[in-house]
Amino acid sequence: MSWRSLLPYGLIALLAIVIDQLVKYLVETQLFMHDKVDILPFLALYRTYNTGIAFSMFSSFGDKGLILMSLVVVVFVLYLAFRTGPKQVLARIGFALIVGGAIGNLIDRTLYGYVIDYIFFHTPVWSFAVFNLADAFISVGAMLVLVDELFVWRRHRALPPS
């Protein structure tokens with residue numbers, strides 16, 4: 001596998017990082033802390049900080065522990081990405097989004113000691129955790145990897161036994 005063949009995926013990861021950081025900058029400079037701004041009946045902007053990872057898990061690890069954990073995850077995801085075949089475009093896009101999202105949150109954690117969250121899905125009787133675009137990139141990326149793996153699995157099942 002050549003580095004040149006991975007360039008488009010590196011650009012996807014870089015674009016995810018840039019968009020994530022730009023939106024977080026706008027959130028930091030334009031939204032008041034803990035002030036809900038309704039966009040749709042079920043969607044609001046709500047600036048808050050997360051000292052852990054998803055749903056504030058592992059906040060007891062501290063900044064350095066979470067930074068180290070994030071770096072290990074990025075390296076592992078890159079390892080998995082390098083093992084994909086050229087036909088696994090969905091998986092490669094997924095891995096690029098995961099890496100871009102993880103690095104976007106890693107930048108926050110390194111600079112501030114927390115991650116900036118601002119997307120709030122809710123109904124009058126239910127609410128989802130506040131998250132950010134980097135988290136969405138990670139989630140969508142993971143779904144793309146799973147879908148690609150399902151396609152690979154189905155292709156292998158369809159092949160006649162050798």
Side-chain angles (χ1 to χ4, degrees), residues 1 3 5-25 27 39-40 42-112 114-123 126-158:
M1 170 182 331
W3 286 99
S5 69
L6 296 177
L7 183 62
Y9 307 105
L11 292 174
I12 290 170
L14 181 62
L15 185 62
I17 295 166
V18 169
I19 291 170
D20 171 68
Q21 290 298 299
L22 177 63
V23 171
K24 287 175 178 171
Y25 171 78
V27 165
I39 298 188
L40 296 169
F42 57 89
L43 176 66
L45 296 177
Y46 183 84
R47 180 175 146 208
T48 190
Y49 300 145
N50 186 348
T51 57
I53 57 173
F55 307 106
S56 296
M57 292 187 308
F58 305 117
S59 58
S60 64
F61 281 30
D63 297 343
K64 290 179 182 147
L66 290 173
I67 289 168
L68 180 62
M69 182 188 300
S70 298
L71 288 171
V72 168
V73 167
V74 168
V75 168
F76 180 68
V77 170
L78 286 171
Y79 166 77
L80 293 175
F82 276 99
R83 295 179 47 88
T84 60
K87 291 183 180 179
Q88 291 184 272
V89 174
L90 278 181
R92 287 182 172 187
I93 292 170
F95 286 130
L97 289 173
I98 293 168
V99 167
I103 291 173
N105 281 340
L106 183 60
I107 290 169
D108 285 11
R109 191 166 314 286
T110 303
L111 293 177
Y112 313 119
Y114 53 81
V115 173
I116 302 162
D117 285 336
Y118 52 87
I119 301 171
F120 180 47
F121 280 108
H122 63 91
T123 68
W126 171 87
S127 65
F128 189 73
V130 182
F131 61 100
N132 61 42
L133 196 54
D135 298 332
F137 288 147
I138 293 167
S139 298
V140 169
M143 284 188 280
L144 290 175
V145 171
L146 290 174
V147 167
D148 187 80
E149 285 298 315
L150 179 62
F151 287 151
V152 168
W153 176 75
R154 289 193 67 191
R155 273 195 302 266
H156 287 320
R157 282 196 58 199

note = The salt bridge (Lys or Arg N to Asp or Glu O under 4.0 Å) partners of Asp20 (sequence neighbours excluded) come to Lys24

task = Would you please name every residue forming a ring pair (Phe, Tyr, Trp, His ring centres under 6.0 Å) with Tyr9, sequence neighbours left out?
result = none

ask   = Using the ring of each side chain (for Trp, its six-membered ring), is His122 parallel, tilted or perpendicular to Phe120, with breaks at 30° and 60°?
value = parallel

Tyr118: partners by ring pair (Phe, Tyr, Trp, His ring centres under 6.0 Å), with sequence neighbours left out = none

task = Over all heavy atoms of both residues, which pair between Ala16 and Gly100 is shortest? Give the atoms and the distance, please.
result = CB-CA, 4.1 Å

key: Separation between CG of Leu22 and CG of Leu133, rounded to the nearest 0.5 Å   = 10.0 Å

task = Check whether any side-chain N or O of Asp117 sits under 3.5 Å from a backbone N or O of Asn50 as a donor-acceptor pair, and report yes or no.
result = no

key: Side-chain heavy atoms of Asn132 within contact of Asn105, under 4.5 Å   = yes

ask   = By ring pair (Phe, Tyr, Trp, His ring centres under 6.0 Å), which residues pair with Phe42, not counting sequence neighbours?
value = none

ask   = Which atom names give the shortest non-hydrogen contact between Thr51 and Tyr114, and what distance separates them?
value = CG2-CB, 4.2 Å

query = Nearest heavy-atom pair of Ala134 and Gly101: which atoms, and what distance?
reply = CB-O, 3.3 Å

request  = Apply side-chain contact (heavy atoms from CB on, under 4.5 Å) to Val99 and Ile103, showing your working.
outcome  = CA-CA 6 Å; Val99 167; Ile103 291 173; 3.6 Å; yes

ask   = So do the side chains of Thr123 and Trp126 get within less than 4.5 Å of each other, counting heavy atoms only?
value = yes

key: Separation of Ile119 CD1 from Ile39 CD1 (nearest 0.5 Å)   = 9.0 Å

message = Could you tell me if the side chain of Pro86 sits less than 4.5 Å from the side chain of Arg92, heavy atoms only?
response = yes

query = Can you tell which of Ile12, Leu78, Val77 makes a side chain to side chain contact (heavy atoms under 4.5 Å, CB included) with Phe95?
reply = Val77

Identify every side-chain donor-acceptor pair in residues 136-148 under 3.5 Å, counting partners at least two apart or on other chains, and give the distances.
residue: Ser139; atom: OG; partner: Asp135; partner atom: O; Å: 3.1
residue: Asp148; atom: OD2; partner: Gln88; partner atom: NE2; Å: 2.8

side-chain contact (heavy atoms from CB on, under 4.5 Å) against Leu11, all qualifying residues, sequence neighbours excluded = Leu7

query = If you measure from OH on Tyr49 to CZ on Arg109, what distance do you get to the nearest 0.5 Å?
reply = 13.5 Å

inquiry  = Distance check, rounded to the nearest 0.5 Å: Phe128 atom CZ versus Leu43 atom CG?
reply    = 12.5 Å

key: Under the ring pair (Phe, Tyr, Trp, His ring centres under 6.0 Å) test, residues paired with Tyr25 that sit two or more places apart   = none

